[in-house]
S.K.: 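Got a structure here, written out as structure tokens. Questions coming.
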4 protein chains.
Amino acid sequence: MPKKTYFHLSEEKRGRIFDAALQEFATHSFSEASINQIIKNADIPKGSFYQYFANKEDLYLYLLETVANEFAEPLKHEQEISQEADVFEVIKLTTREFFELEHIKPEYIEIRMRMEVDTNEFIKKIRKASAERYTKLIERDKERGLIKPDADAEIIVNMISSFSLNEYYRNKPDVQGYLKKLDEAINMIKEGVTVGQDKEIGKPGRSNNDSRG
Amino acid sequence: MPKKTYFHLSEEKRGRIFDAALQEFATHSFSEASINQIIKNADIPKGSFYQYFANKEDLYLYLLETVANEFAEPLKHEQEISQEADVFEVIKLTTREFFELEHIKPEYIEIRMRMEVDTNEFIKKIRKASAERYTKLIERDKERGLIKPDADAEIIVNMISSFSLNEYYRNKPDVQGYLKKLDEAINMIKEGVTVGQDKEIGKPGRSNNDSRG
Amino acid sequence: MPKKTYFHLSEEKRGRIFDAALQEFATHSFSEASINQIIKNADIPKGSFYQYFANKEDLYLYLLETVANEFAEPLKHEQEISQEADVFEVIKLTTREFFELEHIKPEYIEIRMRMEVDTNEFIKKIRKASAERYTKLIERDKERGLIKPDADAEIIVNMISSFSLNEYYRNKPDVQGYLKKLDEAINMIKEGVTVGQDKEIGKPGRSNNDSRG
Amino acid sequence: MPKKTYFHLSEEKRGRIFDAALQEFATHSFSEASINQIIKNADIPKGSFYQYFANKEDLYLYLLETVANEFAEPLKHEQEISQEADVFEVIKLTTREFFELEHIKPEYIEIRMRMEVDTNEFIKKIRKASAERYTKLIERDKERGLIKPDADAEIIVNMISSFSLNEYYRNKPDVQGYLKKLDEAINMIKEGVTVGQDKEIGKPGRSNNDSRG
DNA sequence: TATGAATGAGGGTTCATTCAT
DNA sequence: AATGAATGAACCCTCATTCAT
């Protein structure tokens, strides 16, 4: 965690430092990231940096925590959405809402992506907490009779989140394209991709385009 | 590619170098990985290293290629399995067979995992080639009438592979636990997780709280 | 150019570094010169060196520029001397004055000597500028009727400067001996060495086209 | 000096080694020159090199000596030319003849140029011997009454040779241009450049043996 | 004699961190 | 608290030479 001097800084200066760090760690791994680059971009003296943070790792963890919290924090409308919609709708909608947040920077997702290969215990905890919000919704939806009771909630969440990150990373500037793919993926998990017997699909007279409704 | 000197080495020595490199690159990104550490672990003089490899990148690419080939190479029974089974069975069975291969080391998967965040063009190619094997099977299964024609093959493959890597990485020493989760995930994609008959769920005008039920 | 840190150094320390570098580059070509040797002789830590200079080339060019400026800078009395004396007197006198300058170190000439074989564009420019001062004087003296109009100014300057450097280099510690030889060489260029018609210059009634055979 | 094994080599192979070394040392200073490059260009194994030469310096000195001897060796017609012509004609003519020699490679002159900054005692000796041929001719011409008795022979030779090397180096591919400038320079030394009484010598239509007198 | 792998000192450079002002 | 110079370990890589076969 930053030293208290960091929090005594003017918001403007603190922001400069934060943004510079964000950008550096979004584009470089921990050891590739350069303190020199950060202080240069933040336009602060080298000595000052060590007034604010104990060392490189201190800054890094602070960044991760901030980013993770951003992901973990329920969105404005999440509460009300959650009331009626199922977990899948919640994920779709909150993901959309997330990208519409003004203070969410593209770097956040890059860093979140890098967290995946991170073995740091602290990071693991953050990741787990983030997943828990959704596993809880899944359990609720099971009770609601919307989701098969024997479906493993954790697996569902992991599947969606790992795909989501990956896909974002590959589509990078094209958020709309990414959101569309995410929708498709979630739909597959919901409905399955096999043509068949389950779901009563295939039962005579019942198909995708059947007349019920 | 290594120089020919490398291949003239005794199997024991070559193994020492390969393993040391494997371990280093499994636990560090390219720029974090240290040649010094590798030669120390392999117990070879610094000069010798450069007798075997042109430079750090040369070693790295060699490792990647080896790992990628290991993943890309069709397994013993893959051919015959593919004949009758659907793509999902193929994935399940080949993954199992893969882990039963004696020469597959845990580091292989770590490195494969790191490839995901790699922007190197060469790596991208490898990744793509690896995915293509399965997208083709999916297209085949669509024609067989096993998979919904409008399901995007690429998304399916990405979903499975990103989940697979991630899950392996988290379960690390427990391969059996990992394989079980992979099965479950694949089943979910196959069958879907929602309770219900239809597939119209989520379609515009049809929502969770529709009059059914 | 050195970083500003270098110029903030105490004169003593800056001198130590400068002298060490001077000596190294006076006795070695660019690629032969060793930063390690320089910092050892200057007794500064390796890291400090790179606090003062961007890299080896930075130091080298700084040295060259310093040396070149020393050579290019008009001497105290050059201006007034130039007024009346011919180019040859100017060269003789300024060369003498140059060696009387206290801050001129023998290494300067060694480095200047090495510049002769340097193909670096920057060096070429310096060399050219240095020569131009004298070619201009020669052209002036042609107009004054002191020098034959068809004598190639550039050749004269090259002849004197290449001889001068060479001779200094060979006589090295004996500056007086060198100066004497330079005088003789210049006189030869002025008057020629062949036995002929001239050389009773100024004597009434004796000219080029006199009747002696 | 090379080991005897070197001289036992086939002329073809020996030539390959010599040429490769020549090229390397013509384009690089001693420590910049790379044995690796030489054996690669000569297409011989590394171990073999050390069968032929004790070390890098051994090869270098051998090369220098060979080159120096080439410069020192009187040319075919030098003897007869020397009989009647003065030293300046001899220099002009032999320089021309030198460049017409088939076995003289451009690299010879580059290496000769590099010898100038060489402080090696052995090289100094070679250089001196080379100069001596001409100082002797000058002394002879003094006795012949062609050259002023008080002109220092060594200075004359140094002036011409230092200019010659320098000029060749700068004009490099243009040998004709270089030879013309050399002629001019020599003429200046002969006749002088100051306007005196004579000095129409050398002007078109007016030569040493003009009709005057 | 021929070979080419083995060696390690040395090269230039970077960088997080400390410290004196 | 603010500064920026000082530091040295670590980085990747090159190379002449030696040595075992």
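In what follows, chains carry the letters A, B, and so on, assigned in the order in which the sequence lines appear, proteins first and then strands, with residues in each chain numbered from 1. We use all heavy atoms of the structure for the numbers below, so side chains are in, but hydrogens, waters and symmetry mates are not.
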S.K.: Provide, to the nearest angstrom, the distance between the CZ atom belonging to B/F53 and the P atom belonging to F/dC13.
M.R.: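 Roughly 13 Å, once rounded to whole Å.
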S.K.: Please give, in whole Å, the distance from F/dA16 C1' to D/H28 NE2?
M.R.: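 In whole Å, F/dA16 C1' lies 16 Å from D/H28 NE2.
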S.K.: Does a side-chain N or O of C/Y50 approach OP1 or OP2 of E/dT14 to a distance below 4.0 Å, or not?
M.R.: no
S.K.: Tell me, do A/K46 and A/N36 make a side-chain contact under 4.5 Å, heavy atoms counted?
M.R.: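 Side chain of A/K46 against side chain of A/N36, heavy atoms only: contact under 4.5 Å found.
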S.K.: Expressed as a whole number of angstroms, how long is the span from B/N36:CG to E/dT13:P?
M.R.: 18 Å
S.K.: Strictly under 6.0 Å, is that where the ring centroids of B/Y6 and B/Y62 end up?
M.R.: yes
S.K.: Should C/T5 be listed as having a side-chain N or O under 4.0 Å from OP1 or OP2 of F/dA5?
M.R.: yes
S.K.: Any donor-acceptor pair under 3.5 Å between the side chain of A/K56 and the base of E/dT17?
M.R.: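 In this structure, the two groups form no donor-acceptor pair.
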S.K.: Given E/dG12, E/dA16, E/dT3, which nucleotide is nearest the side-chain atoms of C/K46?
M.R.: E/dG12
S.K.: Where the side chain of B/I35 is concerned, which of F/dA16, F/dA2, F/dC12 is the nearest nucleotide?
M.R.: F/dC12
S.K.: Pairing check on F/dC12: which nucleotide meets the Watson-Crick or G-U wobble criteria with it, both distances under 3.5 Å?
M.R.: E/dG11
S.K.: In terms of ring plane angle, is the pair D/Y60 and D/F25 parallel, tilted or perpendicular, where the classes change at 30° and 60°?
M.R.: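 Tilted.
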S.K.: With C/K56 as the cation and C/F30 as the aromatic partner, state whether NZ or CZ is under 6.0 Å from the six-membered ring centre and within 45° of the axis.
M.R.: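 That pair qualifies as a cation-pi contact.
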S.K.: Send over the distance from C/K13 NZ to E/dA20 C1', rounded to a whole Å.
M.R.: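 Going from C/K13 (NZ) to E/dA20 (C1'), I get 13 Å.
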S.K.: In whole Å, I'd like the distance from the CG atom of D/N55 to the P atom of F/dT17.
M.R.: 5 Å
S.K.: For a quick check of understanding: with a heavy-atom distance under 4.0 Å over all strands, which category does D/A54 fall into, base, sugar-phosphate or nothing?
M.R.: nothing
S.K.: At under 4.0 Å between heavy atoms, what does A/Y6 touch on the DNA or RNA strands: base, sugar-phosphate, or nothing?
M.R.: nothing
S.K.: Between atom CD1 in A/I39 and atom C1' in F/dA5, what is the gap in whole Å?
M.R.: 12 Å
S.K.: Heavy-atom count around B/K3 NZ within 6.0 Å, excluding the residue itself: above 12?
M.R.: yes
S.K.: Examine E/dA5: is either OP1 or OP2 under 4.0 Å from a nitrogen or oxygen in the side chain of B/H8? Give yes or no.
M.R.: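 True: B/H8 side-chain N/O within range (under 4.0 Å) of E/dA5 OP1/OP2.
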S.K.: Roughly, in whole Å, what's the span from CD in D/E32 to P in F/dA16?
M.R.: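 Rounded to whole Å, this separation is 12 Å.
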S.K.: Using heavy atoms to find the nearest nucleotide of DNA chain F for D/S34 and C/L9 separately, return the residue whose nucleotide is more 5′.
M.R.: C/L9
S.K.: Return the 5'-most residue of the pair C/F30, B/F49 with respect to DNA chain E, ranking by each residue's nearest nucleotide.
M.R.: B/F49
S.K.: Quick one: the side chain of A/Q51 and the base of F/dA1, do they pair up donor-acceptor inside 3.5 Å?
M.R.: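 No pair found.
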S.K.: Using Watson-Crick or G-U wobble geometry with both distances under 3.5 Å, which nucleotide pairs with F/dT21?
M.R.: E/dA2
S.K.: One thing to verify: whether A/K105 and A/D19 come together as a salt bridge, which I'm taking to mean a side-chain N less than 4.0 angstrom from a carboxylate O.
M.R.: yes
S.K.: From C-beta outward on B/P45, which listed nucleotide comes closest to its side chain: E/dA2, F/dA2, E/dG8?
M.R.: E/dG8
S.K.: Could you tell me how far apart B/I38 (CD1) and F/dC11 (P) are, to the nearest whole angstrom?
M.R.: 11 Å
